[in-house]
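Computed from a prediction, not measured in an experiment: that's the story for all the values here. In what follows, every chain begins at residue 1, and chains take the letters A, B, ... in the order their sequences are listed.
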Protein chains: 2
Amino acid sequence: MRPERPARGPRPAFSRAQLTEAALRVADAEGLDAISMRRLAAEIGSGTMSLYRYVSGKDDVIDLMVDAVSAEFLPPDVPSGDWRADLRALAIQGRQAMHRHPWMARVTATRQSSGPNGVRTFERALSVVDGLGLSIDVMLALVGSVFAYVNGYVAAEMGELEALRRTGLDVQQWMARQAPYLETLLKSGDHPLFARVVAESGRELADPDERFAYGLDRLLDGIAAALPGG
Amino acid sequence: MRPERPARGPRPAFSRAQLTEAALRVADAEGLDAISMRRLAAEIGSGTMSLYRYVSGKDDVIDLMVDAVSAEFLPPDVPSGDWRADLRALAIQGRQAMHRHPWMARVTATRQSSGPNGVRTFERALSVVDGLGLSIDVMLALVGSVFAYVNGYVAAEMGELEALRRTGLDVQQWMARQAPYLETLLKSGDHPLFARVVAESGRELADPDERFAYGLDRLLDGIAAALPGG
DNA sequence: GAAAACTAGGTACACCGTACCCGGTTGTCC
DNA sequence: GGACAACCGGGTACGGTGTACCTAGTTTTC
């Protein structure tokens with residue numbers, strides 16, 4: 001955790017920040033699976049094992065990456081006073097950050113950042129619902145439910161996109177490949193609502209941002225209704 | 001996709017179902033990372049490469065596992081008429097299934113099942129909100145938001161448990177190891193709400209099931225309020 | 001100048017998914 | 001009954017992975 005110059009020994013050839021930056025560049029462009037210690041070493045022009053002078057292992061690299069991205073949607077240090085707007089903005093900015101870094105959602109779904117920026121985000125999210133007359137347990141549950149929705153929604157969203165990217169196909173080619181299986185499902189007649197989805201979906205809530213916000217607003221409605229003030 | 005006896009050739013020594021069962025046994029007991037083609041082959045007493053007669057690759061094995069677990073929380077084929085109770089039950093049973101299979105949440109967070117049981121679950125979830133005067137797009141958004149909450153919540157929940165399991169430590173040992181970092185965070189004074197969490201959390205909503213249900217009920221409240229009938 | 005504390009990084013090990021291939025078994029058809 | 005297609009089991013091999021361990025060089029302190 002200390003990128004600073006130690007007392008003795010030669011000057012380090014690079015820094016944890018440079019390593020993190022290289023890892024982000026690779027993962028953003030080629031996906032999380034493109035990250036390997038050998039690859040990262042090649043990227044910054046060092047020997048593979050030298051990386052272990054800066055991080056304790058690959059997991060540590062991932063932690064650094066997550067914490068770096070967490071900084072991108074850090075809420076302002078002082079809440080606006082409108083808890084709903086603040087929570088909504090945090091959710092939307094979190095999603096946008098995960099869209100900029102398509103590998104992010106898969107990681108944060110199962111492991112939230114315990115680095116400085118992760119903790120800061122958590123603290124500021126709690127501060128958004130502070131002063132509403134809630135116990136810390138309820139505050140935690142409310143913030144947690146919004147995080148759960150955002151992480152769950154975006155993980156599903158990006159999971160599909162990343163799976164598509166891995167195939168190397170475009171959307172048309174992919175749909176053409178799925179067509180026979182889809183046909184079988186529809187022809188069986190056992191899935192009338194799924195058939196309706198295929199036939200008539202997309203008239204409303206066609207914009208992905210709008211779809212995300214729709215569910216988010218339902219959740220925020222429910223939270224608002226449970227608040228002491230009404 | 002065809003475990004049936006083919007026309008020619010020797011009788012297969014095992015079946016996709018047996019392979020799936022072995023994979024579930026290993027993953028449930030030792031985690032998803034314990035699943036390897038060599039390990040599975042050893043488990044069912046076959047050569048490694050023979051598995052490829054039954055599945056196209058490791059991803060296919062995972063798909064089979066997910067679809068098998070999906071059968072565990074398949075909603076009844078006819079909704080009760082109480083959409084809220086049905087959606088709530090689906091969420092709770094989905095979570096319970098993911099608790100029985102700790103590896104499941106990590107997988108479904110980014111890749112929903114497109115196998116028979118996955119499609120059936122999807123169809124029946126939609127049928128729960130059918131007949132309420134909603135367009136298929138809104139139905140999709142509502143079901144999707146509940147899925148997002150459940151997947152997001154349980155993925156975070158299980159992610160923590162699985163991370164703990166991987167260390168091999170028990171809760172006390174793990175907390176003792178984190179203590180110095182925690183101390184630093186608290187001593188800095190920059191995280192007063194986080195400090196409150198550490199100090200006073202657990203008085204309300206101490207039961208994990210209750211915590212999960214609390215957020216879920218907020219979401220369902222918000223959905224109820226948006227329904228045409230009120 | 002010696003020693004301590006750090007640095008870079010090569011080698012090696014155990015494991016992974018799976019492409020490719022060979023040889024054996026079974027059913028069908030002439 | 002013989003030929004052959006179609007399938008099965010599975011060994012070998014390749015190009016990857018994370019990282020433990022070790023050697024050797026460099027800088028600072030005493």
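Nearest to the side-chain atoms of B:M49 among the listed nucleotides C:dA19, D:dC8, C:dT11 stands C:dA19. In the set C:dT18, C:dT11, D:dG9, C:dT18 carries the atom at the smallest distance from any side-chain atom of B:K58.
When the side-chain nitrogen and oxygen atoms of B:R38 are compared with OP1 and OP2 of C:dG17, none of them lie within a distance under 4.0 Å. In this structure, A:Y54 reaches the C:dA8 phosphate: one of its side-chain N or O atoms is under 4.0 Å from OP1 or OP2.
Applying side-chain contact (heavy atoms from CB on, under 4.5 Å) to A:M65 and the options A:V26, A:D60, A:I35, A:L19 leaves one that passes, A:I35.
Counting non-hydrogen atoms under 4.0 angstrom, A:S46 reaches the backbone sugars and phosphates but no base. Contact annotation for B:S50: base contact, defined as any heavy-atom pair under 4.0 Å involving a base atom. If you check every strand for non-hydrogen atoms under 4.0 Å, B:L51 touches nothing. At the heavy-atom level, A:A13 lies under 4.0 Å from the strands shown only through sugar-phosphate atoms.
When the nearest nucleotides of DNA chain D are assigned to A:R53 and A:D33 by heavy-atom distance, the more 5′-ward of the two goes with A:D33.
Here the shortest heavy-atom pairing between A:S145 and A:L219 reads O-CD2, 3.7 Å. A:A91 and A:V146 make their closest contact through CB-CG1, 4.2 Å (heavy atoms, listed as atom of the first residue, atom of the second, distance). Scanning all heavy atoms of the two residues, the minimum distance from A:L186 to A:A195 falls at CD2-CA, 3.6 Å.
Distance B:R11 CZ to D:dC8 C1': 12 Å, rounded to the nearest Å. Put simply, CZ on A:R39 is 12 Å from P on D:dG16, counting in whole angstrom units. Atom CD1 in A:I44 sits roughly 14 Å away from atom P in C:dT7 (whole-Å rounding). Atoms CZ (A:F14) and P (C:dC6) sit 17 Å apart, rounded to a whole Å. Atom pair A:I62:CD1 and D:dT19:P shows a separation of 10 Å (rounding to whole Å applied). Straight-line distance from the OH atom of A:Y52 to the P atom of C:dG10: 14 Å, rounded to whole Å. Straight-line distance from the CD atom of A:E30 to the P atom of D:dG16: 14 Å, rounded to whole Å.
Ring geometry for B:Y153 versus B:Y149: interplanar angle of 30 to 60°, hence tilted.
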